[in-house]
Each structure stands twice: as C-alpha cells, then as structure tokens.
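Here's the structure we're looking at; comments come further down.
Numbering of ligands and ligand atoms starts at 1, following listing order. Quantities reported herein were computed from a predicted structural model and do not represent experimental measurements.
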Amino acid sequence: MSSRVTTSESISLPGQKDASAGGFSRREFLGKGLAVAGWGVMFASLGAGLYQGIRFLYPAVVFHPPSTYVIGQLKDFVTDERADQYGVIFVDPKFKKDHRFFVVREAGRIYSLFARCTHLGCTVNWFEELNIFKCPCHGSEFHSNGVEFAGPAPRPLDRHHIAVDNGGNIIVDTARVYSKDEFEEQKIFIEVG
Ligand code: FES
C-alpha cells in the first residue's frame with residue numbers, strides 16, 4: 001500500500017497561527033503590513049509632488065522692509081555749535097536701535113554711519129561723554145567721524161547713501177552701503193550751510 005503526499009497541505013511552525021483556522025500567519029501579517037507601508041509611501045510621494053507643483057504655479061512672494069528713512073529736514077540741521085577735533089558737531093544715535101545707523105553732522109556736511117563694526121559685524125555703540133564709538137565684541141574703537149583708532153577693526157565704519165528730495169527731506173538708504181574708498185571718492189554726504 002502506497003502513501004501519498006499532497007502539496008496543498010500547510011505546515012504550521014511553532015508560534016504561527018493556522019491560516020485555515022481564520023487567522024493570519026506571521027508571514028501573511030508581515031506581507032500585509034509591507035503592502036500598507038508601500039501604499040503610504042506612494043501617497044506621501046504623490047502629495048509631495050502635488051505640493052511642489054502648486055508651489056511652482058504660485059511662487060512665494062518675499063516682502064522686504066523699506067530701506068529708506070527720512071531723518072529730518074535740511075533746515076533742521078543748521079547749527080552754530082562748535083565742531084570737535086575731527087570736524088564733527090554732533091552724532092545723533094536715535095536711528096541706531098531700529099535701523100542701525102548714526103547721523104553725523106560735520107561742519108559743512110551730514111552723513112549716515114553704518115553701526116556695523118568693520119571687524120566682524122557687531123553693532124557699535126556711541127559714547128557721547130567719550131566722543132567715540134565702541135564695539136562690544138572685541139573692543140574696537142572709532143572716532144566721532146567713524147575712523148578706527150583701537151582694536152582689530154581694519155577700516156572706518158561704512159556709510160549709507162544719503163540724499164535730499166524736492167521737499168527738503170534728508171533720506172538715508174540703508175540698502176546702499178559704501179566703504180571708505182567708495183564714500184570718499186563718490187562724496188557720500190550732503191552739504192549743509
Ligand atoms: S566685531 Fe567689533 S571688534 Fe570684533
């Protein structure tokens with residue numbers, strides 16, 4: 001008498017449920033899990049592609065704050081005060097906190113000094129009682145006209161473009177910055193009487 005072996009017979013390993021009993025085997029469970037994960041990845045990819053497509057159609061708009069500031073009227077800067085040994089009559093620090101510049105009134109001219117230290121870019125402070133600018137980071141010091149005289153700063157403070165409009169308003173443009181050679185050559189100041 002011969003014995004027959006059928007291939008449809010399932011063999012349960014220890015710890016596996018019998019599929020014919022209505023449960024999932026471990027292998028089936030893993031297979032379904034992988035399928036679900038695969039669909040998840042596919043939908044995530046489609047979503048990312050759709051998002052990029054929409055962003056391409058509607059490019060991002062970047063808003064820049066204004067860079068020009070009216071610092072006063074030309075007639076406001078007429079003064080008969082005496083200038084210091086560097087030709088500076090006064091330094092106005094009121095724009096430093098919000099706009100990072102100082103207005104300097106020299107005999108015969110006005111200009112805007114950028115309050116950014118020319119060493120590594122820290123914001124310098126004005127010390128009226130000492131008549132100097134000082135950098136809090138590494139100790140550079142500048143005369144009232146912005147020229148460096150102590151510390152590691154390699155050059156004077158930079159200046160901003162400055163102009164007078166038809167109404168006599170003095171306008172500083174902080175987006176236009178000039179270093180020493182440029183502001184001397186291009187006369188980055190306005191003349192006052
Ligand atoms: S950043 Fe001003 S001295 Fe270094």
Side-chain angles (χ1 to χ4, degrees), residues 51-52 55-56 58-193:
Y51 174 72
Q52 292 299 334
R55 284 207 57 185
F56 179 76
Y58 299 95
V61 177
V62 178
F63 293 97
H64 293 287
S67 66
T68 55
Y69 303 97
V70 175
I71 62 168
Q73 287 250 311
L74 196 53
K75 60 182 170 53
D76 298 336
F77 286 86
V78 174
T79 174
D80 56 6
E81 292 176 62
R82 289 172 60 89
D84 67 13
Q85 66 266 46
Y86 307 105
V88 172
I89 296 174
F90 65 78
V91 172
D92 184 348
K94 70 170 172 280
F95 298 98
K96 179 225 150 187
K97 182 168 177 284
D98 292 334
H99 307 305
R100 219 181 173 203
F101 67 84
F102 298 95
V103 176
V104 178
R105 167 77 159 94
E106 267 188 15
R109 62 177 66 173
I110 300 170
Y111 50 86
S112 164
L113 281 183
F114 194 176
R116 180 184 65 185
C117 179
T118 51
H119 178 222
L120 292 177
C122 293
T123 300
V124 300
N125 297 307
W126 169 242
F127 290 82
E128 189 173 1
E129 64 283 7
L130 301 173
N131 206 38
I132 61 171
F133 298 97
K134 276 189 185 183
C135 179
C137 292
H138 313 102
S140 287
E141 297 180 348
F142 305 82
H143 293 305
S144 54
N145 59 358
V147 173
E148 82 287 3
F149 67 91
R155 65 174 196 279
L157 297 173
D158 296 333
R159 298 187 190 181
H160 295 124
H161 187 268
I162 190 167
V164 184
D165 70 10
N166 292 336
N169 297 305
I170 302 175
I171 299 166
V172 167
D173 185 349
T174 56
R176 299 166 71 182
V177 178
Y178 300 84
S179 61
K180 180 173 181 283
D181 291 343
E182 296 168 321
F183 67 64
E184 285 186 347
E185 188 182 305
Q186 298 182 41
K187 297 189 178 355
I188 304 301
F189 57 81
I190 54 172
E191 293 184 352
V192 289

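The aromatic rings of F101 and Y69 lie tilted to each other, with the angle between the two planes from 30° to 60°.
Put simply, the side chain of S140 never gets that close to the backbone of C135: no donor and acceptor are under 3.5 Å apart. For R105 (side chain) and F77 (main-chain N/O), a donor-acceptor pair under 3.5 Å exists by modelled atom type.
Under the side-chain hydrogen bond (donor to acceptor under 3.5 Å, both in side chains) criterion, N145 pairs with no residue, sequence neighbours left out.
Heavy-atom neighbours of Q85 CD from other residues, nucleotides or ligands within 6.0 Å: above the threshold of 12.
Between F133 and the choices Y86, W126, F149, the ring-ring contact (aromatic ring centres under 6.0 Å, His included) rule is met once, by W126.
Protein N/O/S atoms found under 2.8 Å from atom 2 (Fe) of ligand 1: C117 SG, C135 SG.
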